[in-house]
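Worksheet for the structure shown next.
Numbered from 1 within each chain, the chains take letters A, B, ... in sequence-line order.
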Protein chains: 2
Amino acid sequence: MRPEHKNVPAFPPGPHLDSDCRGAASVLARVGDKWSVFVIMMLGDGAKRFNEIKRMIGGISQRMLTLTLRGLERDGLVTRTVFPTIPPRVDYELTELGRGLSAPVKALGQWAIEHQPEIQRARTKFDARNES
Amino acid sequence: MRPEHKNVPAFPPGPHLDSDCRGAASVLARVGDKWSVFVIMMLGDGAKRFNEIKRMIGGISQRMLTLTLRGLERDGLVTRTVFPTIPPRVDYELTELGRGLSAPVKALGQWAIEHQPEIQRARTKFDARNES
DNA sequence: CCGTATCCCAGCGGATACTG
DNA sequence: CAGTATCCGCTGGGATACGG
């Protein structure tokens, strides 16, 4: 297959952003990925199996879950352990690095939950003001 | 125009994810947006003008910056102030809500900067192992 | 300077079917 | 169960040109 992986976007050239921010971009891209965030949150409390994650998230396709997990594995954020049993069983678990990331991510999730109502209101208000 | 705005994805139905997480999804989608994150970070230290932001980020198109700012404005995260001078001048600034969000976002950015090398190494290692 | 309007294409991501 | 392979529609987002 070799899907040439994700963006890892070799971000647009030019000395516009200071290089630290620039380097962080490719990392933030991972976080920026909708599904990655969910998976990281799900894995926050212990290892999970493929279909287990799939069910917990809900609405993610087999394909996207695979791709997402591969991406996370590639970045050293999750480990993939195969049990050569029948039927086969595969566990995914956050690495040390992954657990480190899950903290800020959870903080974000927490914020999102807390302020969701405010944002919803802001949205409807904005939409109301700009309707023809 | 009315671009029917963004996703605000009316996330996939089904009782898979507990409803709190589900509601947070549309908020996380904002954060998940690459450009939104950058803009929030840029605006972290005071109000900025349109082209100022554009230059600081670098590599963002006029169009995308406009859309991003509109999205953030809609969500009540930034304010847009127009000075009817000639030439016109428009300032963007984080709202109280936006500043609240900028904290977790910065934490994430910080993490990204700190652990970027590790991730880079993980990536090359992974790619090396899987090359044909 | 700060946008909006059009054109246009790569690639994200869903649905489905097939293997070990 | 845990994937891989294929097809394909949709839209995110760049390039460009124009308006206030």
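Here the C1' atom of nucleotide dC1(D) and the CD1 atom of Ile53(A) are 13 Å apart, to the nearest Å. Residue Asp33(B) contributes atom CG, which lies 11 Å from atom C1' of dG13(D) at whole-angstrom precision. In this entry the distance linking CZ of Arg80(A) with P of dA2(D) reads 10 Å, nearest Å. If you measure from atom NZ of Lys34(B) to atom P of dG11(C), you get 13 Å, rounded to the nearest angstrom. For Met64(B) and dT4(C), the CE to P distance is 13 Å, given to the nearest whole Å. In this structure, CD1 of Ile60(B) is placed 9 Å from P of dG13(D), rounded to the nearest angstrom. Spacing between atom NZ of Lys54(B) and atom P of dC1(C) amounts to 11 Å, rounded to whole angstrom units. Between Gln62(A) atom CD and dG14(C) atom P the separation is 12 Å, expressed in whole Å.
A sub-4.0 Å separation between OP1 or OP2 of dC2(C) and a side-chain N or O of Arg49(B) is present. OP1 or OP2 of dG3(C) lies within a sub-4.0 Å distance of a side-chain N or O belonging to Tyr92(B). Side-chain N/O atoms of Arg63(B) include none lying less than 4.0 angstrom from OP1 or OP2 on dG12(D). Between Arg70(B) and dT4(C) there is a side-chain N or O to OP1 or OP2 distance below 4.0 Å.
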Stepwise side chain to side chain contact (heavy atoms under 4.5 Å, CB included) check, Arg30(A) with Leu72(A)
CA-CA 8 Å; Arg30(A) 260 254 108 355; Leu72(A) 292 171; 3.8 Å; yes
Could you pull out every donor-acceptor pair under 3.5 Å between side chains of residues 107-115 of chain B and any protein atom, sequence neighbours left out?
| from | atom 1 | to | atom 2 | distance (Å) |
| --- | --- | --- | --- | --- |
| Gln110(B) | NE2 | Glu114(B) | OE2 | 3.4 |
| Trp111(B) | NE1 | His115(B) | NE2 | 3.4 |
| His115(B) | ND1 | Glu118(B) | OE2 | 2.8 |

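Salt-bridge check for Asp75(A) with Arg123(B): passed, with a basic side-chain N closer than 4.0 Å to an acidic carboxylate O.
For Thr66(B), taking side-chain heavy atoms from C-beta onward, the closest of the listed nucleotides dG3(D), dC1(D), dT4(C) is dT4(C).
Here CG of Leu65(A) is found 4.0 Å from CZ of Phe50(A). Values are rounded to the nearest 0.5 Å.
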